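Below is one structure, written out as C-alpha cells; comments come after it.
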Amino acid sequence: MTQQAPFTTEQDECFPDSLARDLTQAFDATFDAIATLDSDWTHSYVNQSYVELFGYDSPDDLLGTTLATVCPQVQLERVESEILQVVERSGRWSGESRGRHRKGHTFPTKLSITELESGLFVCVVRDVRNRIELENQMESLRGERNLFDELLETAPVAITVRDETGDLVRANQTALDLFGVTESERSDETHKSPTWTVEYADGRDVRTIGKPSERVRETGDPVEDELMFVTSPREQTRLIRVNARPVLETNATNEYVIVTAEDVTELHEATEALRESNERLEQFVYVASHELHEPLRMVSSFLALLDRRYGDDLDEDAKEFVEFAVGGAEDMRRLVDDLLAFSRVTTRGGAFEPTDLEAVVQRVRESLKPKLERANATVCVDSLPTVDGDARQLERLLRNLLSNAIKYREGDSVAIEIVADERETHWVISVSDDGVGVGSAEADRLFDLFERGECDGRVEGTGIGLAICREIVRRHGGEIWFEPDPETGATVSFTLPFDPGADNDEALDPLVVDSKTGGVRWGVEP
Amino acid sequence: MTDSSVDSACENPSGSVNVLLVEDNPGDVRLTREAFKESTLETHLHVLTDGQAAIDYLHQRQGYETAIRPDLVLLDLNLPKVHGLDVLDEIKTDEELRVLPVLILTGSSATADIEQSYRRHTNAYLQKPVDPDDFADIATAIEEFWFEWVRLPTY
C-alpha cells in the first residue's frame, strides 16, 4: 500500500500540485502526530511523528489499518458513534484516550478528529504523558508545600524569613504571637516598620552591631544562640534564644535569612529560681553548721572543765552522765565539722587547675599513714593522670574513699587498689578494696547525707563522707557510683571529665524582673 | 560585759601584765580567765565585749580616758558593732598603737579569716581550742613567749 497525500488538487484548480506536495512535507515535519482516515476509520495517510509515536518503523505499517490499531478505545461501537455525532454537529471532536504502542503498552493521549469536506477525517494525536507527569509532580509538590506550611505554622518555635533587602517574607503563627502581631497586620509587617523591638540580653547595642538577621546578611555566617529581649505592644518583654542562618536558593538570585526564636523566659526564670534556692540552701547549711560550732565548743569545753575540776568529787552515776554528755557533744562536733565541709564543697571551692592525681594520692597516703599502718593496709596505685580540678577537694575525695576502705575492712588487713581508665571524654578512677563490700540495695543510698554502711555498729562515722565525695565529683562535672557486684570487697568509681567546664558554669547572670515593664532584665537587683 | 575595774599602770607591780581581751561570748571570757588563772604569771585580764569599745579603750576616750595601755591584745573576730578585722586595722594603721602585739583568738578556722588577719598585720592567729587543757597551754605559751622572751618597746 502506498502513502496517499492528504491533499489532492482535484477539487480546486487554484490549488497547485506543488503546494500539495509542500503541505505533505510540512505535515511530515511537524511534531504532532497526524493521520487522515477514510470514512471507515482506515489510515490513508500517517506522518512521521504518528508512526514514531506508536512505535512503528514506516508509514506502511499503519496504512490500511484502522484507528483502533493505535487507539483501541475510540472504535468501540458506543464511543465511535458518540464521536461521529459530535463531529457531525460541530465539525470536530476532541478528547482523551489511551494510545497503544506497537509493543503493547498503552499511554495517555489527547486526540482530535475533524471531518474534511472530502469526507476524510483528520486525526491529530498528542502524547500527554509528560503533561500528566508534570501534573502529578505539581500535585505532590502542592502536598509537600501544604505539609511544609503545616509544619511551619504548628512549630513551637518562632520562625521568620527575610529576603535580601531585609523585608519579612514569612512569619509563622508562633512568631506572630511572640512579636504580638495580629493576623491583619501580618502582611504589613516588614523589616522597615516592625511594631516590636529587640535588644541583646547581654547589653550589646542592637543599633551598633545589628540584629541577627542583619549580621547574617552582612557576613554570610550563621548567628547562633543569641539571648535577646523582645518587646512588643501587646506582650510583656520576653527572653528569647535566637538563631539565624542564610539560605541560598539554588538559582542564587534570592538570598533569604531564616531566623528562629525560642521563648526561654519561663525556662530561664525556673532555672534561676532553682539556682537561687539551691544557693540559699547551701548558704543555710554553711551558716547553720558554722553557727552551731561555737555553742557546741562551749558545751564540750565546760563539760571537760567540769570533769577536770570536779571529777574526783562525783559518784559513779554522775561520772557516767558526764561521760555520755561528753560523748554526745563529741559526736555532734564531728557532725557539724563534716556538714561544714560538705557545704564548703560548693560554697568555698577553689579554682580548677591541672592537678596530678598521683601527687594527690601521695599526700593522702602521708596524711593517713598512721591509720594505714594500724589497718595493715597496702595501697596499690596504677599510673594516674593529671586532671583539671580543685586539688584540695580531690585530695579530700581520695582521702574519704581510702578512709572508707580502711574503716570497712574485713579481718586485720586490707588491700586497696586505685586504677585509672581513659575514656573518650573523661577518666574513670576506681578505688577497690577487699573489705566487707556493699550490698546492691544500699549502694546508691550511701551517697546521700547521713546514710551509713551496714556495719555502722562497729565503725565510727557521721554518714557525710560519701556525700562529700559526691558533691566534689559533681562539682567537677563527673559521677560517682559503687561498681555492682565486684568479686570481693567494694569498688567505688568516679568520672572526671577532661574539660570540667564544658557542662558547668553555663549559668546565666541573674535575671531580674523589671518593675516598670513587668519584663525581665539582666543584672543585679538595686 | 566590760570589766570596769580599770587598773592604773603604775599600780601594777613588776611581774604582772595587762592583757586586753576583746570577746563578746561570756563562755569564752570565762574559759580565757580560767586558762590564765592556771598560768604562772599574774595577768590582769581586761575584757571588752564589742569592737567599738576596744577602739575607744585603746584611744583612751569615751569614758576610757584613764584606761591603762595593755601589754597585749587578744582579739576575737566576730564582734558586735565593729568587726575584729576592723579593730585590727584601726590598731595597725595608728602611729601610736601599731607597736601593740595583737593576737587573734577566734573559733574560726576559715582560711579567708586567717589570711585577712595576717594581711592586717596580726602578730599571731590562734584558734580557740575545745579542750580546756589546750586553752591553758595556749595561755601559758602566750605568757612565756610574749612576756618572758619577747622584748617590747617601752613607752
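Predicted model, so just to flag it, every value in this text is computed and none were measured. Reminder, nothing fancy here: chain letters follow the sequence lines and each chain counts from 1.
- Enclosure of atom OH in B:Tyr118 by more than 12 non-hydrogen atoms of other residues, nucleotides or ligands within 6.0 angstrom is indicated.
- Among B:Ser109, B:Gly107, B:Ser108, the residue with the largest count of heavy-atom pairs under 4.5 Å with chain A is B:Gly107.
- The residue among B:Asp131, B:Asn25, B:Asp134 with the most heavy atom pairs within less than 4.5 Å of chain A is B:Asn25.
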Check step by step if side-chain contact (heavy atoms from CB on, under 4.5 Å) holds for B:Leu31 and A:Leu305.
CA-CA 9 Å; B:Leu31 284 171; A:Leu305 209 52; 4.1 Å; yes

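- Heavy-atom neighbours of B:Arg30 CZ from other residues, nucleotides or ligands within 6.0 Å: at or below the threshold of 12.
- Across all their heavy atoms, B:Val130 and A:Ser301 have their closest contact at O-OG, 2.7 Å.
- Contact of B:Ala110 with chain A is made through backbone and side chain together, with heavy-atom distances under 4.5 Å.
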Evaluate the criterion side-chain contact (heavy atoms from CB on, under 4.5 Å) for residue pair B:Asp28 and A:Glu294; output intermediate values, then yes/no.
CA-CA 10 Å; B:Asp28 277 321; A:Glu294 290 298 289; 4.1 Å; yes

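- If you take CZ on A:Arg309 and CD on B:Glu34, they are separated by 4.0 Å, rounding to the nearest 0.5 Å.
- More than 12 non-hydrogen atoms from other residues, nucleotides or ligands lie less than 6.0 angstrom from NZ of A:Lys319.
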